[in-house]
Amino acid sequence: MQAIERKSPIHAPMTQFAVADGELLVGGIPLTQLATRVGQTPFYAYDRQLLTQRVEQLRAALPASIKLHYAMKANPMPALVCHMAGLVDGIDVASGGELKIALDSGANPQEISFAGPGKSRKELQQATAAGILINIESFREVAELAEISRETGSQPRIAVRVNPDFELKSSGMKMGGGPKQFGVDAEQVPELLAEIGKADLAFEGFHLFAGSQNLKAEAIIEAQCKSFELALRLAQSAPSPIRFINLGGGFGIPYFPGEQALDLAPIGANLDRLVERARHELPEAELVIELGRYLVGEAGIYVSRVVDRKESRGQIFLVADGGLHHHLSASGNFGQVIRKNYPVAIGNKMASEERESVSVVGPLCTPLDLLADRMELAAADVGDLVVIYQSGAYGFTASPQAFLGHPACIEVLV
Ligand SMILES: *Cc1c(COP(=O)(O)O)cnc(C)c1O
């Protein structure tokens, strides 16, 4: 009998950042030099070149006529949004604050859309004044926009965000299907469209978003097909011809051991078929997809410095100057059910042969402040730089910076 060796799953290789002389390079700059240039640790660094490459790769895999939008809640850093605005066809915002950044970025207001539950009267007024597209998420929003239209004489541009009658399978976060706070249930949409028809509103299309962080091409394909069918069905009750269908996104990136990059080829092939169908069945409609994490997540790292090294009952702890207050999701506390390690490296010791199993913790006085749990890393000491990969999305602005009163984090676009 042979002993069965059970291999534990490993992280997908992180090859997007080059390495030279044992140091990780961000935008061609060695990490220790970048840390000096930034003037402090911890910091987030995003690589322009990688952002550009990602959009190019995606465009090459998808039909040319698909409109690509950046959902900026994934990373609203103004300089990064500016960079993205020059690459994509539109920006999706989810608040009045994000709208300001999107408009400042120089994006064409015609190509900015606003989704999110509970839009305030003020946000609806701002959006109307800016001439952007508003994704309607309730009957109340229609009524308020009808009033705004009457009061101001400017006609709000709207689409209907539909809560579909299906879910995105294998999705990290489900944002459609079943009872949800997002959008209007598909079965209520004909009634909503009738209300829209009575008001002075410019109806342009449908928005469907089933969920986030999906690594299974088949599941995304199924959601896009069902979204398309649903939009076709609902289009029959529309007060005017459909100008676009936003099929959502949900493309994931590999974070945890055992996860692999999404296979774009079958998604591109499926979108080819949908584009062809749209040409016949809804000739005036464009197809849009909107992505956040997939566009920016892999282009960013979070860098902190080791400030202490301790041993406790046989386990080595590297205490870093950064932690969950800057990077909640790497600590496992942003929607994860079971905590798993992000890919981590010692960024100034990339070629080191000497490796050891360590836990990387932050400076917060809570056991939740864990960045790496018993991971094999290059042997490190005080002064070395801990890099967390896959940190370009849902990092800086998705973390409780004020928790425990440590210094603020910085973001740079390199
Ligand atoms: C959050 C969100 C996105 C972006 O999701 P990712 O998983 O980051 O791609 C897109 N559209 C809507 C409506 C969202 O709420």
Side-chain angles (χ1 to χ4, degrees), residues 46 51 54-55 58 62 66-77 80-81 84 87-95 97-99 102 111-119 123 127 132-138 141 158-164 167-177 180-184 205-217 219-220 223-224 227 231 244-255 259 261-262 264 267 287-300 328-329 334-336 390-398:
Y46 315 119
L51 295 168
R54 174 50 63 106
V55 173
L58 194 59
L62 304 182
I66 291 278
K67 297 285 179 229
L68 180 61
H69 284 201
Y70 174 49
M72 64 172 277
K73 81 168 185 281
N75 189 329
M77 182 205 193
L80 180 141
V81 175
M84 296 306 290
L87 299 171
V88 297
D89 304 304
I91 306 277
D92 292 326
V93 306
S95 69
E98 286 191 356
L99 174 57
E111 311 298 338
I112 297 177
S113 55
F114 184 177
K119 294 179 203 71
E123 285 173 322
I132 67 158
L133 181 87
I134 302 161
N135 289 316
I136 295 284
E137 312 228 7
S138 71
E141 288 183 357
I158 64 161
V160 171
R161 179 170 182 181
V162 182
N163 177 25
E167 290 193 338
L168 179 55
K169 288 180 192 148
S170 332
S171 168
M173 257 185 228
K174 290 187 173 43
M175 291 179 63
K180 288 282 181 300
Q181 73 266 50
F182 308 110
V184 174
F206 293 109
H207 174 223
L208 296 104
F209 184 75
S212 178
Q213 180 50 20
N214 202 309
L215 288 168
K216 292 214 167 67
I220 291 172
Q224 289 181 336
S227 296
F244 73 87
I245 302 172
N246 183 332
L247 296 171
F251 297 16
I253 61 172
Y255 288 104
E259 292 185 343
L262 182 63
L264 286 179
I267 297 174
L287 298 185
V288 180
I289 60 167
E290 57 178 18
L291 302 172
R293 183 193 320 267
Y294 190 80
L295 296 182
V296 298
E298 303 200 281
L328 189 64
S329 61
F334 189 66
Q336 295 100 321
Q390 310 296 75
S391 297
Y394 304 110
F396 186 83
T397 58

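In this text, all values refer to a predicted model and were calculated from it rather than measured experimentally. Worth knowing before you read on, the calculation uses all heavy atoms, side chains too, and leaves out hydrogens, waters and symmetry mates. Read the numbers this way: they start at 1 and go in the same order the structure lists the ligands and their atoms.
Protein residues having a heavy atom under 4.0 Å from any atom of ligand 1 are A71, K73, R161, M175, H207, F209, S212, Q213, E290, L291, G292, R293, Y394, listed by chain and number.
Looking at L247 and I66, their side chains never come closer than 4.5 Å, going by heavy atoms from C-beta outward.
Between the side chain of D89 and the backbone N or O of L68, at least one donor-acceptor pair lies under 3.5 Å.
Shown here are the ring-ring contact (aromatic ring centres under 6.0 Å, His included) partners of F251, two or more places apart in sequence or in another chain: Y294. Listed by chain and number, the residues in a salt bridge (charged side-chain N to carboxylate O under 4.0 Å, His left out) with E141 are K119 (sequence neighbours excluded). Scanning for ring-ring contact (aromatic ring centres under 6.0 Å, His included) contacts around F114 gives an empty result, with sequence neighbours left out.
Between the side chains of H207 and E290, at least one donor N or O lies within less than 3.5 Å of an accepting N or O.
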